[in-house]
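Just so you know, these numbers use all the heavy atoms, side chains as well, and skip hydrogens, waters and symmetry mates. Note that the numbering runs from 1 along the sequence shown for the chain. Remember, it's a predicted structure, so these values are computed and weren't measured experimentally.
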Amino acid sequence: MSLIENIIRPEVRALSAYHVPASEGFVKLDAMENPYTLPDALRAELGQRLADVAMTRYPVPSYAELKRKICAGLGVPAGYDVVLGNGSDELITMLSVACAKPGATVLAPLPGFVMYGMSAKFAGLQFVGVPLKPNFSLDLPAMLAAVKEHKPAITYLAYPNNPTGNLFDAADMVTIIEAAGDSGIVVVDEAYQPFAQTSFMPRLPEFANMVVMRTVSKLGLAGIRLGYMSAAPALLAEFDKVRPPYNVNVLTQAAAEFVLDHVDVLDEQAALLRAEREKLALALAALPGVEVCPSAANFLLVRLQQGRHSADAVFASLLAHKVLIKNVGKMHPLLENCLRVTVSTPEENAVFLDALNASLAP
Ligand SMILES: *Cc1c(COP(=O)(O)O)cnc(C)c1O
């Protein structure tokens, strides 16, 4: 056996690394980033704040002030705290590590966010995916059967879901949370909450086994890498034990504290993007052979009519027009011939629409 075979776990060797395509020179509509920047005056003030940060020191690991601002400003219920992560990706890792008893299972509907399955495998957990219905709603009987059979330690429900964009039925989600009961946590992943304007966060006191997870990435701060999650205090304290002590760096901490003092600016940008989402959805739905799925996120999932357009060909043609979106057609059978596009500024959306028009079969 070679060195790599001797030391690297077979499930890790079998994985391929998370692929991020090069995007320089492209209109970048593949990763649900917010296209708007902070106003110039705020940028200048932020620059000063960052210059004053004590980069020679480790962060103070309680992160008390940042947590206080998140709890107060982002709707965390009274008596509930948050655990911070280097993006919600790190929170997912922390959940996996904390729950990785031998034989433990992670459950999620598919198609869904790929990191749930990857993180489970990294931590040695079994991953079970349950297909959504063709209209991307939860298959409740199948989910309940899987909960009963596998007793998953963690069930993920993205609200709204990525890459489909829809909100699952809240009553279905509650049924799953109650079915998991004492045998598993249900993580409601609200990465797109600013665009959905609905949340399970206020319902934390109702469910002892619910974790609500969010990120500032889709809100306009993807580069600083900051996620947060909340749950009943005793449960949250267990997850905090596996958090690396200085996981949020001082620059992220300072930038987030500053931006949270001006969260109205980000809220306005989210409102603009919600309005643009409706306009873009109408424009796309008017194209022949193009179907747009209902979205509560800052992206749209588009299905191209089989036999008329090919998602692979359209994706390639968009690339030639210097527009980068995400070709999700091969991710899951339910996404056959589908593309996912981030909602952006009116200007970038127009560039995308023009390029799409030129790329669709006549
Ligand atoms: C983008 C996304 C995340 C990851 O967020 P980061 O905080 O940037 O790591 C988590 N969950 C879902 C469903 C996402 O789409």
Side-chain angles (χ1 to χ4, degrees), residues 33-34 38 42-43 45-99 115 119 123 154 156 185 187-194 199-202 204-205 208 210-267 270:
E33 291 145 321
N34 174 351
L38 291 176
L42 289 185
R43 283 158 60 114
E45 208 181 320
L46 173 61
Q48 190 54 53
R49 285 276 190 101
L50 294 180
D52 291 341
V53 165
M55 289 196 294
T56 53
R57 300 290 176 193
Y58 283 103
V60 177
S62 69
Y63 299 106
E65 179 62 8
L66 177 54
K67 286 185 182 182
R68 193 191 61 73
K69 288 189 182 193
I70 287 173
C71 289
L74 299 173
V76 178
Y80 282 71
D81 196 2
V82 289
V83 165
L84 306 180
N86 186 349
S88 39
D89 286 346
E90 190 187 39
L91 298 173
I92 294 168
T93 301
M94 284 157 51
L95 294 171
S96 302
V97 169
C99 297
M115 286 311 294
S119 171
I154 308 173
Y156 287 99
I185 58 167
V187 181
V188 180
D189 180 351
E190 297 191 345
Y192 300 95
Q193 184 270 333
S199 173
F200 272 75
M201 190 71 92
L204 273 172
M210 180 171 76
V211 175
V212 177
M213 185 168 78
R214 293 199 192 143
T215 174
V216 298
S217 293
K218 312 299 164 33
L219 187 57
L221 299 167
I224 73 172
R225 311 303 301 129
L226 181 69
Y228 59 99
M229 63 179 172
S230 189
L235 179 61
L236 197 67
E238 296 299 323
F239 298 134
D240 199 38
K241 293 179 190 171
V242 298
R243 181 180 59 81
Y246 306 116
N247 64 328
V248 174
N249 72 75
V250 288
L251 295 174
T252 292
Q253 183 185 357
E257 286 180 15
F258 176 78
V259 174
L260 283 170
D261 287 338
H262 304 280
V263 80
D264 51 316
V265 174
L266 297 186
D267 288 343

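Rounding to the nearest 0.5 angstrom, the gap separating the CD1 atom in I92 from the CE atom in M213 is 4.0 Å. Note that CD of Q253 is 11.0 Å distant from NZ of K67, once rounded to the nearest 0.5 Å. To the nearest 0.5 Å, the span separating OH on Y192 from CG on L219 amounts to 12.5 Å. Once rounded to the nearest 0.5 Å, the distance linking OG1 of T215 with CG of L226 reads 7.0 Å. With rounding to the nearest 0.5 angstrom, the CD1 atom of I70 is 6.0 Å from the CG atom of L260. Atom-to-atom distance recorded for D261:CG and K69:NZ is 3.5 Å, nearest 0.5 angstrom.
Taking all atoms of both residues into account, the shortest heavy-atom contact from A256 to I224 is CB-CD1, 4.1 Å. Looking at every heavy atom in both residues, A231 comes nearest to V211 through CB-CG2, 3.9 Å. In terms of heavy-atom proximity, P77 sits nearest to P202 at CG-CA, 4.3 Å. Of all heavy-atom pairs spanning V250 and P59, the tightest one is CG1-CA, 3.8 Å. The minimum heavy-atom distance linking V242 with M94 is given by the pair CG2-O, 3.4 Å. Between L235 and A208, the closest heavy-atom pair is CD2-O, 3.8 Å.
Here the side chains of F258 and L42 are in contact, with some heavy-atom distance below 4.5 Å. Side chains of M115 and S88 form no contact here, defined as non-hydrogen atoms less than 4.5 Å apart. Side-chain atoms of Q48 and D52, non-hydrogen and from C-beta on, do get closer than 4.5 Å to each other. A heavy-atom distance below 4.5 Å is found between the side chains of M210 and V188. Between T252 and L66 there is no side-chain heavy-atom pair separated by less than 4.5 Å. S230 has its side chain within reach of M201: a pair of non-hydrogen atoms, C-beta onward, lies under 4.5 Å apart. Counting only heavy atoms from C-beta outward, the side chains of V82 and V76 approach each other to under 4.5 Å. V216 has its side chain out of reach of V259: every pair of non-hydrogen atoms, C-beta onward, lies at least 4.5 Å apart.
Judged by distance alone, the side chains of S217 and R225 do bring a donor and an acceptor atom under 3.5 Å apart. Side chains of Q193 and S199: no donor on one and acceptor on the other come within 3.5 Å.
Sequence neighbours left out, the pairs with a member in residues 216-251 that pass ring pair (Phe, Tyr, Trp, His ring centres under 6.0 Å) are Y58-Y246.
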Problem set entry | side chain to side chain contact (heavy atoms under 4.5 Å, CB included) assessment of E238 paired with L236 | CA-CA 5 Å; E238 296 299 323; L236 197 67; over 6 Å; no
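Residues satisfying the ring pair (Phe, Tyr, Trp, His ring centres under 6.0 Å) test with F200, not counting sequence neighbours, are Y159. In this structure, the side-chain contact (heavy atoms from CB on, under 4.5 Å) partners of N34, at least two apart in sequence or on a different chain, are Y36, Q269, L273.
Counting only distance, with no hydrogens or angles, the side chain of R214 and the backbone of L74 share a donor-acceptor pair below 3.5 Å. Of the possible donor and acceptor atoms, none in the side chain of Y63 sits under 3.5 Å from a partner among the backbone N and O of L84.
Each of V212, V187, L95 was scored for a side chain to side chain contact (heavy atoms under 4.5 Å, CB included) with M229, with one residue passing: L95.
Taking 4.0 Å as the cut-off between side-chain N and carboxylate O, R243 and D240 count as a salt-bridged pair.
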